[in-house]
K.L.:
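Dumping the structure here so I can ask a few things about it.
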Amino acid sequence: MELKFDQIKKLYGKQAALDNFNATLSEGVYGLLGHNGAGKTTLISILIGILEATDGRILLDGIDVKHMGTRYLDRIGYLPQYPLFYKNFRTDEFLKYMCALKGIPKRQVNSRLEEVLELVNLTDAYKKKVGALSGGMRQRLGIAQAILNRPDILVLDEPTAGLDPGERIRFRNIISRLSRDKLVLLATHIVPDVEYIAKEILILNKGKLVMQGSPEQLEKSVEGKVWDIIVGEVEVEETVERYQVRNVKRLDREFSLRIVSDEAPPGRSKQAQPSLEDVFLSIFEK
Ligand SMILES: Nc1ncnc2c1ncn2[C@@H]1O[C@H](COP(=O)(O)OP(=O)(O)OP(=O)(O)O)[C@@H](O)[C@H]1O
């Protein structure tokens, strides 16, 4: 499978929310990283067909998706940024309702429910009211409805917002498992959400794709520029003003700061192993 964004542009009035976005994706997890307002939801809305691009095309295996109609939509699963659930529905009722909306034949409904609930570890919540599910369980139910139609493109918009660390890890594992035979596009501004599971990361800034590559390739871009330095209390503020500081940790009497800088900062500094957070910082704090 090949999904190609070809010169996608979206204007809201005169403001470009997306500016000539080009990318070619296939199976696996893609992390779409960017701060609030970077253009992630706009891109996703165009991808799933609820918003029209001002210019450009999306091609699936070489065919403009505009000409594919429901044949294209049938291949997509989508979890919105703020999913709204009918809290009085039971889990099974909600999923049956979603099956009806997606046009899944009645005779397949029960087996599909079983299949998706197992994939998201919610089999035990089959008869629970949606309103009684925890935040994490509800997000997993969101994934379950998105994969009912067995999509080969799964689109998730900020799926881990509000989840506790345990649920975040569980969520990541589910996504990783699902991506074996699917393209998963996961939009987020939280780096660890995609750091360990994404095959590739696409970094969006002000509507522009500023970087694309595997986490390792991206980390290479800041190799030799990441430093750990130790400073005294009086120097902390000055260092924060002067450098891109990612982290400040209090030691006994001093402070350890993580810095991204082309040159070695003065004082007691040593080079550190770059991470994706450092890449993110180097792009956005310029
Ligand atoms: N309907 C709209 N009308 C005008 N401007 C809009 C509209 N929707 C989005 N924008 C603007 O387009 C830009 C991109 O917004 P978008 O929601 O795509 O970003 P995002 O990366 O998804 O951010 P967030 O995580 O906050 O949703 C922002 O500057 C936003 O203010």
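Please read these numbers as outputs of a predicted model, since none were measured by experiment. For ligands, and for the atoms within them, numbers begin at 1 and follow the listed sequence.
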K.L.:
Take Lys87 and Arg138 through the side chain to side chain contact (heavy atoms under 4.5 Å, CB included) test and state the conclusion after the steps.
P.N.:
CA-CA 10 Å; Lys87 293 187 180 158; Arg138 224 175 282 169; 3.7 Å; yes
K.L.:
Start with the C-alpha gap between Ser176 and Asn173, add the side-chain angles, then the distance that decides, and say whether side chain to side chain donor-acceptor pair (under 3.5 Å) holds.
P.N.:
CA-CA 5 Å; Ser176 206; Asn173 291 341; 5.9 Å; no
K.L.:
Show the protein residues that qualify under the rule heavy atom under 4.0 Å from an atom of ligand 1, listing them in chain and number order.
P.N.:
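Answer by chain and number: Tyr12, Gln15, Ala17, His35, Asn36, Gly37, Ala38, Gly39, Lys40, Thr41, Thr42, Gln81, Glu158.
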K.L.:
Answer yes or no: is there a side-chain heavy-atom contact under 4.5 Å between Arg258 and Glu277?
P.N.:
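No, every pair of side-chain atoms sits at 4.5 Å or beyond.
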K.L.:
Test the Lys10-Tyr12 pair against the cation-pi criterion, namely NZ or CZ under 6.0 angstrom from the six-membered ring centroid and within 45° of the ring axis.
P.N.:
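Here Lys10 passes the 6.0 Å and 45° test against Tyr12.
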K.L.:
Checking side-chain hydrogen bond (donor to acceptor under 3.5 Å, both in side chains) between His189 and each of Lys40, His35, Glu158, which is the one that passes?
P.N.:
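Single pass found, and it is Glu158.
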K.L.:
To the nearest 0.5 Å, how far apart are CG in Leu25 and NZ in Lys4?
P.N.:
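These two atoms lie 11.5 Å from each other.
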